[in-house]
Structure formats: structure tokens, C-alpha cells
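To start, the structure itself, in C-alpha cells.
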Amino acid sequence: MDYTPTPTVFPAAPFDASADAQALRTAMKGFGTDEEEIINILTARTNAQRQQIKARFEADFGRDLIKDLKSELGGKFEDVIVALMTPPVEYLCKQLHDAMAGMGTDEETLVEILCTKTNEEMKEIVAAYEAKYDRPLAEQMCSETSGFFRRLLTLIVTGVRDPVGSVDAAKAHEEAEALYAAGEGMLGTDEAVFNRIMSHSSFAQLRLIFDEYKQLSGQTIEQAIKHEMSGALHDAMIAIIECVQSPAAFFANRLYHAMQGMGTNDDAVIRIIVSRSEIDLGNIKDEFERIYNRTLYSAVVSETSGDYKKALTALLGGA
């Protein structure tokens with residue numbers, strides 16, 4: 001699969017961290033806040049540049065930029081700006097932690113973050129999570145989930161997936177046969193086989209396995225999962241399959257469902273737009289329009305308002 005990630009946020013050039021720090025200080029000093037200036041600066045810099053601005057702000061003014069922003073802003077607009085100011089891996093760790101805090105567990109968020117990552121990305125998240133919360137991610141996750149869903153996420157978090165790009169055509173045929181035998185080819189389902197293959201194989205290998213599966217059974221792997229599984233395990237398996245086939249389509253679908261019906265899942269909208277803006281938000285925009293016959297920009301505009309809307313649409317890079 002040819003997938004060239006297209007971001008919507010690029011490094012600002014020329015870039016002057018000291019000038020940006022001064023402009024932000026001016027925007028927040030005195031009576032009132034210049035929200036437009038904050039949006040113009042922070043949505044047009046990469047996260048690495050924002051970290052330089054934060055360091056410069058502290059060096060020049062002896063103040064914590066995030067604390068100052070929090071004291072001046074509010075609501076969902078504040079959430080977007082704080083997300084932009086947080087290093088990407090640390091931000092995802094906080095999202096995972098929040099998904100498991102308090103009563104109940106936000107399984108959708110766990111699936112969205114964990115099932116879409118390569119082994120290399122997962123290792124970064126695991127290390128950062130333990131450093132930030134002084135508790136292994138796998139341990140906390142085990143206390144918040146159960147059954148085969150817990151086993152699948154545990155396998156993913158413990159980093160058993162093969163390295164990016166590793167493929168073995170002969171093995172793909174064997175694994176497709178194993179999936180068939182564990183599902184359609186038997187009464188009931190052997191979820192352990194699905195978990196093992198879905199968590200161990202690289203995304204490139206899974207693509208081969210899914211092609212082999214279709215040739216073998218005459219139906220897609222999605223159809224098989226739909227028949228064989230339900231609940232959170234079903235959702236996790238489908239997320240892996242969609243990410244293997246098209247990460248952009250997976251996130252486009254997530255955004256659509258976050259904005260569909262009564263109310264908006266603002267946390268999901270912010271998380272996806274912020275965390276994918278330097279990766280493949282351009283691709284996600286294209287896929288959203290292709291699948292739903294409307295632009296992501298127009299969907300965001302209809303679901304949000306005020307400075308919150310301005311910040312998100314700035315990250316989308318226009319219509």
C-alpha cells in the first residue's frame with residue numbers, strides 16, 4: 001500500500017522562539033486576552049517549536065507558559081491549546097490515563113490509541129507512561145479491562161508486534177489458514193489465535209494475511225470478525241484492520257462518529273486533530289470527504305464555535 005502521510009502543520013520558517021514568546025506574553029498581559037494572536041502562533045508551529053517557545057518564555061519572563069495560557073483561556077479552546085503545548089507522547093499518555101480514571105473505562109479511547117500504533121511507537125508510550133504516572137501502563141490497563149480484550153491490549157502494550165515492514169508471504173498463508181480454522185472453520189471462536197496474529201504481525205504482514213484470508217474464505221476479514229466477535233474485542237480487531245488498510249480512513253471514521261448525532265465527543269475531535277496534525281491530517285481530510293461527501297472543515301465548523309472552532313480549523317489548514 002502506498003501511503004504517504006501528509007500533515008497540515010509544518011515547521012514555521014523563519015522561526016524565532018524569542019519573538020513568539022514575547023508576542024504570547026503581550027497577548028496575555030494587561031486587560032483582556034488576544035486569543036487570535038495565540039491561535040495564529042501556536043497552530044502554525046510544530047510541537048518541537050512550541051517546546052522551544054515554552055522554554056524561551058520561561059527563560060525570558062520567569063513564567064510557565066502553559067500555566068499562563070490556562071489562566072487566560074477556558075473551555076474546549078483551552079483544551080486545544082494545552083494539547084498543542086504538550087509533547088505528543090506525553091499527551092497520548094494523559095489521554096490513556098484519563099480513559100482509565102474514575103468510574104468506568106473509555107474503551108474507545110484505549111482502542112483508538114493502542115491499536116493504531118507500531119511497536120516502536122508503543123515502546124515510547126509505555127516508557128513515558130510509567131515515567132509520568134509511576135505505574136506500568138500494562139498493569140493499570142489490566143485492572144480496567146477484562147477477558148480477551150484485556151489480553152489483546154496487553155499483548156500490544158508489551159511490544160510483541162514485529163518491526164515495521166517485516167513480511168513473510170509463506171507465513172501469511174499459514175496465518176490466514178489459522179484465522180479461518182479459529183473462526184469460520186469451527187463451531188465457536190478461538191479468540192486466542194486471533195489475538196496472537198493481530199498483535200504479533202507487522203501491519204505490512206497483516207495486509208498480506210488479510211489478502212490471503214479473502215482468497216481462502218471468499219469473504220473479508222472484517223466480515224469474519226463481525227460474525228465471530230462482539231463488544232470491545234470486536235472494536236479493537238476492526239480498528240487494527242482499518243489501520244492496516246488505511247490509517248486515514250480509520251481516523252476519518254472516528255471523527256465522523258465523534259461529531260454525529262446529539263452532542264459532540266469533543267475530546268476525540270481534539271485528540272485526533274491535534275495528534276495527527278503533524279502526521280497525516282491532510283490524508284484524513286481527503287478520506288473524510290471521499291467517504292462522507294462533505295469536507296472535514298465544514299463538519300468541524302458546524303459542530304464547534306468561537307475560538308475553539310478557530311483553533312481547530314486553523315489546524316486543519318483551511319477548507
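Here, residue 1 is the first one in the sequence, and each next residue gets the next number. Here the structure is a predicted model, which is why all the values come from computation and not from measurement.
Under the 4.5 Å side-chain criterion, counting only non-hydrogen atoms from C-beta, Leu179 is in contact with Phe194. Within the 4.5 Å cutoff, side-chain heavy atoms of Leu255 are placed close to those of Ile273. For the pair Ile238 and Met229, the minimum side-chain heavy-atom distance is 4.5 Å or more. Counting heavy atoms from C-beta outward, Glu130 and Arg135 have side chains that stay 4.5 Å or more apart. Asp162 is not listed as a side-chain neighbour of Asn119, based on a closest heavy-atom distance of 4.5 Å or more. Side-chain contact check for Leu69 versus Glu78: every heavy-atom pair is 4.5 Å or farther apart. With a 4.5 Å cut-off on side-chain heavy atoms, Leu84 and Asn47 do not count as touching. In this structure, the side chains of Lys94 and Thr86 stay at 4.5 Å or more apart for every pair of heavy atoms.
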Val269/Met259 under side-chain contact (heavy atoms from CB on, under 4.5 Å): CA gap, chis, key distance, verdict:
CA-CA 8 Å; Val269 171; Met259 294 185 280; 3.8 Å; yes

Begin with the C-alpha distance, continue with both residues' side-chain angles, and end with the deciding distance and a verdict on salt bridge (charged side-chain N to carboxylate O under 4.0 Å, His left out) for Arg56 and Asp20.
CA-CA 9 Å; Arg56 197 68 258 165; Asp20 284 347; over 6 Å; no

Under the criterion side-chain hydrogen bond (donor to acceptor under 3.5 Å, both in side chains), I'd like the reasoning laid out for Glu289 against Thr295: C-alpha separation, chi angles, the key distance, then a yes or no.
CA-CA 5 Å; Glu289 188 167 2; Thr295 63; 6.0 Å; no

So Glu287 and Arg290, salt bridge (charged side-chain N to carboxylate O under 4.0 Å, His left out) or not? Walk me through it.
CA-CA 5 Å; Glu287 282 297 291; Arg290 182 185 70 78; 2.8 Å; yes

Check the pair Glu228 / Glu184 against side-chain contact (heavy atoms from CB on, under 4.5 Å), numbers first and verdict last.
CA-CA 8 Å; Glu228 300 293 331; Glu184 292 178 80; 4.2 Å; yes

CA sep, side-chain torsions, deciding dist, call: Glu35, Lys310, salt bridge (charged side-chain N to carboxylate O under 4.0 Å, His left out):
CA-CA 10 Å; Glu35 289 90 353; Lys310 288 176 189 172; over 6 Å; no

Stepwise, does the side-chain contact (heavy atoms from CB on, under 4.5 Å) test hold for Met100 with Leu137?
CA-CA 10 Å; Met100 295 184 283; Leu137 174 56; 3.8 Å; yes

Let's go through Asp267 and Lys76 carefully: what are the C-alpha distance in whole Å and the side-chain angles of both, what is the deciding distance for salt bridge (charged side-chain N to carboxylate O under 4.0 Å, His left out) to 0.1 Å, and is it a yes or a no?
CA-CA 9 Å; Asp267 291 345; Lys76 296 302 172 188; 3.6 Å; yes

Would Leu24 and Leu42 count as a side-chain contact (heavy atoms from CB on, under 4.5 Å) if you check the C-alpha gap in whole Å, the side-chain angles of each, and the deciding distance to 0.1 Å?
CA-CA 9 Å; Leu24 287 169; Leu42 297 180; 4.1 Å; yes

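There is a side-chain donor-acceptor pair under 3.5 Å between Ser18 and Asp60. Under 3.5 Å, the side chains of Asp134 and Tyr129 contain no donor-acceptor pair of N or O atoms. Gln223 and His227 form no side-chain donor-acceptor contact under 3.5 Å, judged by distance and modelled atom types alone. At a cut-off of 3.5 Å, with distance as the only test, a side-chain donor of Thr33 or Glu72 sits close to an acceptor on the other residue. Judged purely by distance below 3.5 Å, without hydrogens or angles, the side chains of Tyr308 and Asp79 never pair a donor atom with an acceptor atom.
Checked by atom type and distance alone, the side chain of Ser217 pairs as donor or acceptor with a backbone atom of Gln219 at under 3.5 Å. Under the 3.5 Å distance criterion, the side-chain polar atoms of Arg25 are left unmatched by any main-chain donor or acceptor of Phe57. No donor-acceptor distance shorter than 3.5 angstrom exists from the side chain of Gln22 to the backbone of Ala17, with no hydrogens or angles considered. The backbone N or O of Phe77 sits nowhere less than 3.5 Å from a side-chain atom of Asp307 that would complete a donor-acceptor pair. Of the possible polar contacts, none joining the Asp68 side chain to the Met28 backbone as a donor-acceptor pair under 3.5 Å is found. Side-chain atoms of Glu278 do not come within 3.5 Å of backbone N or O of Thr8 as any donor-acceptor pair. At distances below 3.5 Å, not a single donor-acceptor pair connects side-chain atoms of Glu58 with backbone N or O atoms of Ala55. A donor-acceptor pair is defined here as one N or O able to donate and one able to accept, closer than 3.5 Å; such a pair exists between the side chain of Asp16 and the backbone of Ala19.
Of all heavy-atom pairs between Gln95 and Thr109, the closest is O-CG2, 4.0 Å. The two residues Thr154 and Met141 come nearest to each other via the heavy atoms N-CE, 3.5 Å. The minimum heavy-atom distance between Ser199 and Val160, with the atom names listed, is O-CG2, 3.5 Å. Shortest non-hydrogen contact noted between Ala27 and Ile38 is CB-CG1, 4.2 Å. In this structure, Ser201 and Glu175 approach most closely via the heavy-atom pair OG-OE1, 3.8 Å. The shortest heavy-atom contact between Leu281 and Leu316 is CD2-CD2, 3.9 Å.
Atom CZ of Arg161 is separated from atom CE of Met122 by 10.5 Å, given to the nearest 0.5 angstrom. Residue Lys171 holds its NZ atom at 8.5 Å from CD of Glu174, rounded to the nearest 0.5 Å. Rounded to the nearest 0.5 angstrom, Met237 CE and Asn195 CG are separated by 4.5 Å. Note that CD1 of Ile209 is 8.0 Å distant from OG of Ser202, once rounded to the nearest 0.5 Å. The distance from the CD1 atom of Ile221 to the CD atom of Gln245 is 9.5 Å, given to the nearest 0.5 Å. Here the CZ-CG distance, from Phe148 to Leu152, works out to 11.0 Å after rounding to the nearest 0.5 Å.
Residues Tyr297 and Ile272 share a hydrophobic cluster, clusters being chains of Ile/Leu/Val/Met/Phe/Trp/Tyr side chains in contact below 4.5 Å. Both Met85 and Ile39 belong to a single network of hydrophobic side chains, linked directly or stepwise wherever heavy atoms of I, L, V, M, F, W or Y lie under 4.5 Å apart.
Below 30°, between 30° and 60°, or above 60°: for Tyr133 and His97 the angle between ring planes is below 30°, a parallel geometry. Ring geometry, Tyr213 versus Tyr180: the interplanar angle falls from 30° to 60°, so the pair is classed tilted.
None of Arg276, Lys117, Arg271 except one satisfies the salt bridge (charged side-chain N to carboxylate O under 4.0 Å, His left out) rule with Glu112; the exception is Arg271.
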